[in-house]
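Here the structure is laid out as structure tokens; the discussion comes afterwards.
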Amino acid sequence: MESRYEYRVLLACDIAASAGRGEAALQQIRGVLLAACRGAFQAAGLDWSRCLRQDTGDGFQVVALPGIRKQLLLNSVLPELAALVRAHNRTAADSVRLRLRVALHAGEVRLEPDGGVSGAPFEVLARLLNAAPVREALRDAPEGVPVAAILSQHFGEEAVGHDGDGPDADAFVPVEVREKKYVGQAWVHYPGCPIAPRAAAGLREPVREPGHEPAREPEREPEREPEREPGQPAASQSPEMVQPPAASAVQKNRAGGHGQIYAVQSGTVHINGRGGR
């Protein structure tokens, strides 16, 4: 049997801040991640044992079986993975709680007769998993959101919005990835959460397409106060202090799968109400 190339869907996951926990805790969280990945794939009807995978120490690289639709991983596997990790974290000690970065990509990989697999898509997968945007999304994730995912441009274009049961397109945020020599476009997303990562993190600036700068207001010259008689108060002064009007509050409540309710307003409030599994 000779080597051959096949188009496959790829997933990589990594436990954030796994170093420094000690050997016992590391082995425990590795076991939790393995069980969560297996359970998420099985819940989506995929046989985890038949998928090619590589243990990276604090995560996995997974090659899905041929013919698997991208939407199945995006809309079924990832939300279930987030739900399983969330359920574990609810009762786990701080030392063994998990927060995950997940990357999704697809492409032509080289399959060897001995079961080995390689190819350029794995380089893209690795760059996505280590990219700053997904690290920042996980760092800024609200309480109860244990997974931040990043999708390659190719994966996102063929998976996002192509399934009526999947998350809304506005739950994905376009980002630019610059990791080592790799430069590309991608999307970040919180699986199982209807809130986009940047919205949940309280963005300082809105997302813009690369190369497009926002229009700026023309600068205005400061208005000059009219001349006044000696002893007359300035126009900008008032003998009585006026209370500012109460800030108007705008609130959006969104309900996600697995019993999650998220409320976003001038401050961000997230209510987790998922029952036991």
With a 4.5 Å cut-off on side-chain heavy-atom distances among I, L, V, M, F, W and Y, is there a chain of contacts connecting [X] to [Y]?
X      : Y      : value
Phe122 : Tyr5   : no
Leu81  : Leu98  : yes
Trp187 : Val160 : yes
Val62  : Val109 : no
Leu138 : Leu151 : no

Are any side-chain N or O atoms of [X] and backbone N or O atoms of [Y], one a donor and one an acceptor, separated by less than 3.5 Å?
X      : Y      : value
Arg101 : Ala131 : no
Arg178 : Val183 : no
Tyr190 : Ala137 : yes
Gln71  : Glu158 : yes
His88  : Val96  : yes
Asp168 : Asp170 : no

- Query: Roughly how far apart are Phe155 CZ and Leu74 CG, rounded to 0.5 Å?
  - Reply: 5.5 Å
- Rounded distance [0.5 Å steps], CZ in Arg90 versus CZ in Arg97: 10.5 Å
- Task: Give me the ring orientation class for His154 and His105: parallel if the planes are under 30° apart, tilted from 30 to 60°, perpendicular past 60°.
- Result: perpendicular
Taking all non-hydrogen atoms of both residues into account, name the closest pair between [X] and [Y] and its distance.
X      : Y      : answer
Arg86  : Pro146 : N-CG, 4.0 Å
Asp94  : Arg21  : O-NH1, 4.4 Å
Lys70  : Val9   : CG-CG2, 3.9 Å
Cys193 : Ala171 : O-CB, 4.4 Å
Ser152 : Leu128 : CB-CD1, 3.6 Å
Asp14  : Leu129 : CB-CD2, 3.8 Å

Is any side-chain heavy atom of [X] closer than 4.5 Å to a side-chain heavy atom of [Y]?
X      : Y      : answer
Leu65  : Leu46  : no
Val188 : Glu136 : no
Arg135 : Asn130 : yes
Phe60  : Leu11  : no
Ile195 : Val145 : no

- Verdict with supporting geometry, Gln61 and Arg53, side-chain contact (heavy atoms from CB on, under 4.5 Å): CA-CA 5 Å; Gln61 286 187 345; Arg53 58 186 184 274; over 6 Å; no
- Is the closest basic N to carboxylate O distance between Arg110 and Glu112 below 4.0 Å? yes
- Message: If the condition is side chain to side chain donor-acceptor pair (under 3.5 Å), which residues does Asp55 pass it with, not counting sequence neighbours?
- Response: Arg30
